[in-house]
Number of protein chains: 2
Amino acid sequence: MSEKATTVQDVARTAGVSTATVSRALSTPDKVSERTREVVFKAVEQTGYRVNRAARNLRTQRSNTALVILPDLSNPFFSEILEGISDHLSGTGYSMLVAGMTQIRDSGERLIDYLNDGRADGMIVLDGSLPQDAISSLTAPTHRDKIVFACEWTNQADFPSVRSRNRQGARDAIRHLYDLGHRKIGHITGPEGNVLSLERRDGAVAELTGLGIAPRAEWVIPAGFSLPDGRKAAQRFLKLKDRPTAIFCASDIQAIALISELQRHDIRVPNDLSVVGFDDIEMAEFVTPALTTIRQDRFQLGYAAAVLLMECISKDSSRDYAQIHQIPTNLVPRDSTAPLLP
Amino acid sequence: MSEKATTVQDVARTAGVSTATVSRALSTPDKVSERTREVVFKAVEQTGYRVNRAARNLRTQRSNTALVILPDLSNPFFSEILEGISDHLSGTGYSMLVAGMTQIRDSGERLIDYLNDGRADGMIVLDGSLPQDAISSLTAPTHRDKIVFACEWTNQADFPSVRSRNRQGARDAIRHLYDLGHRKIGHITGPEGNVLSLERRDGAVAELTGLGIAPRAEWVIPAGFSLPDGRKAAQRFLKLKDRPTAIFCASDIQAIALISELQRHDIRVPNDLSVVGFDDIEMAEFVTPALTTIRQDRFQLGYAAAVLLMECISKDSSRDYAQIHQIPTNLVPRDSTAPLLP
DNA sequence: CTGAAAGCGCTAACAT
DNA sequence: ATGTTAGCGCTTTCAG
């Protein structure tokens with residue numbers, strides 16, 4: 001028993017103007033005389049009119065919607081990035097469609113379809129590990145201007161992207177430990193093949209080398225970003241004969257799980273071991289000891305990605321690709337690092 | 001220089017049939033002869049055709065999109081619920097639009113517009129504190145069948161909803177502490193006015209009372225769900241002259257922050273104080289001591305909400321409202337609770 | 001089972 | 001500055 005929604009026709013009738021005028025008054029108010037504008041607005045209010053997006057989308061060939069692709073919807077790491085994205089999008093009248101790669105794969109959909117079938121005007125990809133076929137379809141000239149990577153990225157194509165200064169962040173972490181007197185410094189890596197893992201590891205190695213410290217292979221412990229990975233890394237650490245006095249972890253949650261597991265084995269942080277994380281998740285400040293970490297501004301990351309995407313979409317001129325925006329990171333010293341005891 | 005997308009027309013031409021037949025072959029394959037179906041499918045493949053959603057949406061007056069409303073996009077608590085929702089939606093060909101109430105408010109949009117203007121066919125609301133005017137507009141007969149609450153809910157209208165057995169969960173927490181010998185049991189509440197806070201507090205009080213323990217007002221510490229709230233609660237706790245030997249927290253992150261802060265003041269958990277949380281976030285298992293908590297199945301919560309929404313949307317018969325689906329919770333005993341020492 | 005034709009509601013030429 | 005008109009691409013009566 002749904003009463004018919006009001007249309008431009010209704011508004012036009014009540015306002016005593018043509019539908020075209022109504023449309024103009026709404027989307028390009030300056031192309032209409034002040035008087036008509038008022039009349040139309042009044043009619044809109046009276047009738048409670050709302051433009052029908054489906055109709056507008058069909059006509060304009062735009063959806064005013066952006067798709068955000070996460071590797072994994074359940075990963076809480078992305079929430080703040082989402083907020084940053086949404087914050088800018090909603091300000092520009094865009095809606096945010098969110099999908100996880102797991103679900104996309106399972107449902108047999110293709111990313112490119114969202115762009116082709118009019119569901120989204122562009123997309124922000126937070127997953128640096130898209131399957132090869134997805135990437136190559138997205139690099140088609142029709143689409144490449146509608147895609148922006150954020151946080152992670154892919155080296156297999158030169159999409160514009162927004163990312164943290166991962167390498168510099170890693171260097172800062174190592175430098176911090178060095179300045180505290182540590183010389184035996186280890187690193188727990190992120191997942192193998194992940195771009196972030198690589199950057200952070202390379203940054204750490206570069207800084208160590210620059211400081212005249214030869215990185216020791218057994219102190220670079222391969223892991224992943226997750227909590228279980230941190231725990232496993234701790235177990236590997238415990239088996240080391242000669243242990244480092246400081247560790248740089250590729251992620252905060254990994255660091256938190258590592259510390260927790262080490263504490264169970266009576267290794268005290270920071271007394272026995274200094275630990276630096278990466279991310280500065282909210283929890284970092286609230287664990288004991290509070291975690292020293294490299295902060296990345298996830299809100300900003302998302303926000304900048306949204307800005308960049310909107311630029312890409314709107315810009316008609318041919319663009320320079322491989323635009324990379326880097327968001328600064330910064331060291332947040334807390335209680336999980338301490339000067340090396342003599 | 002975007003080459004024109006292929007349309008039904010193109011497919012119809014290559015298949016040598018009418019556009020109507022193509023449409024039928026695609027959406028209602030059984031209403032078409034086997035031969036034609038094959039021909040059409042082949043043509044679709046050849047041309048790389050994809051239905052244009054904007055056109056379909058306009059024509060069918062459906063968007064095949066659901067809107068999910070979070071109170072706060074940056075809150076990581078919701079990610080797993082989102083995954084549950086998306087998991088079901090994507091299986092039914094629906095897309096997921098996500099928005100945070102903060103952004104909605106800031107952009108001056110109204111929730112109801114999403115339903116009216118054809119952006120969404122229905123919505124899942126995870127925010128029990130919608131403004132009054134939003135709620136009343138949503139209760140209009142045209143819309144009430146398109147809305148489902150999940151996790152939180154509102155008492156100001158009888159929308160169908162999916163929620164955890166918060167009250168029972170709270171009772172289980174108290175009972176667990178009681179069974180460990182505790183008689184001096186406190187509670188850190190969630191934010192005032194929040195439906196979850198109320199249920200959990202009421203459940204705790206009811207169980208205490210049932211066990212013959214009179215709840216003590218100073219042991220019910222008002223707080224919120226967040227990390228800072230947990231820390232503040234710890235500070236309140238420290239000021240107590242006569243302290244409880246066990247505490248039930250309204251959320252895990254609150255409990256984690258509380259324990260962390262207490263540890264700094266040399267209160268040992270579980271030796272000096274047993275703590276039970278609520279939620280079973282992934283971190284709960286990885287803090288020290290591992291947190292005893294009441295698990296709510298957030299994936300399931302989201303999944304069930306999506307199922308319920310799809311039912312509501314598709315069902316044409318008049319429905320029984322106020323349908324409430326309750327998801328069981330369960331106690332996960334870990335190391336933050338221990339028998340009361342004599 | 002299939003085709004012809006109308007039209008969802010809007011905007012953008014084009015004409016005035 | 002405003003109105004007329006066509007048509008975005010699809011689905012769905014209605015005929016056949």
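Note on naming: letters A, B, ... go to the chains in the order of the sequence lines (proteins, then strands), and numbering restarts at 1 for each one. As the structure is a prediction and not an experimental result, all values here were calculated from the model. The analysis underlying the following values was restricted to heavy atoms, covering all of them including side chains, and did not include hydrogens, waters or symmetry mates.
No side-chain heavy atom of A/Ser129 sits under 4.5 Å from any side-chain heavy atom of A/Met101. Between B/Asp121 and B/Tyr94 the shortest side-chain heavy-atom distance falls below 4.5 Å.
Atom pair B/Gln9:CD and C/dG3:P shows a separation of 13 Å (rounding to whole Å applied). Between the P atom of C/dC1 and the NZ atom of B/Lys31 lies a distance of 9 Å, rounded to the nearest Å. As rounded to whole Å, 9 Å separates atom P of C/dC1 from atom CG of B/Asp30. The interatomic distance linking B/Arg37 (CZ) with C/dC1 (P) rounds to 9 Å, in whole Å. Between the CZ atom of B/Arg24 and the P atom of C/dA4 there is a distance of 11 Å, rounded to whole Å.
Residues B/Leu67 and B/Ala99 come closest through the heavy atom pair CD1-CB, 4.2 Å. Taking each heavy atom of A/His143 and A/Ser137 in turn, the nearest pair found is CD2-O, 4.0 Å.
Within residues 47-66 of chain A, the residues having any heavy atom closer than 4.0 Å to DNA chain D are, in order of number, A/Leu58, A/Arg59, A/Gln61.
Using a cut-off of 4.0 Å between Lys/Arg side-chain N and Asp/Glu carboxylate O, A/Asp158 and A/Arg144 are scored as salt-bridged.
Partner A/Val11 forms a side chain to side chain contact (heavy atoms under 4.5 Å, CB included) with one of A/Val17, A/Val39, A/Thr19, A/Val44 and no other, that one being A/Val44.
For B/Ser33, no side-chain nitrogen or oxygen approaches OP1 or OP2 of C/dC1 to under 4.0 Å.
Annotation: side-chain contact (heavy atoms from CB on, under 4.5 Å) contacts of A/Ala20 (sequence neighbours excluded): A/Ser18, A/Arg24.
Looking at the side chain of A/Ala20, the nearest of the listed nucleotides C/dA12, C/dG3, C/dC10 is C/dA12.
For B/Gln132, the CD atom counts as densely surrounded, since its 6.0 Å shell holds more than 12 non-hydrogen atoms of other residues, nucleotides or ligands.
Counting 5' to 3', DNA chain D first comes under 4.0 angstrom of a heavy atom of chain B and last does so at the ends given by D/dG9 to D/dT13.
A donor and an acceptor atom, one from each side chain of A/Gln296 and A/Ser164, are located under 3.5 Å apart.
Among the protein residues, B/Ser27 comes within range of no part of the nucleic acid, since none of its heavy atoms lies under 4.0 Å from any strand.
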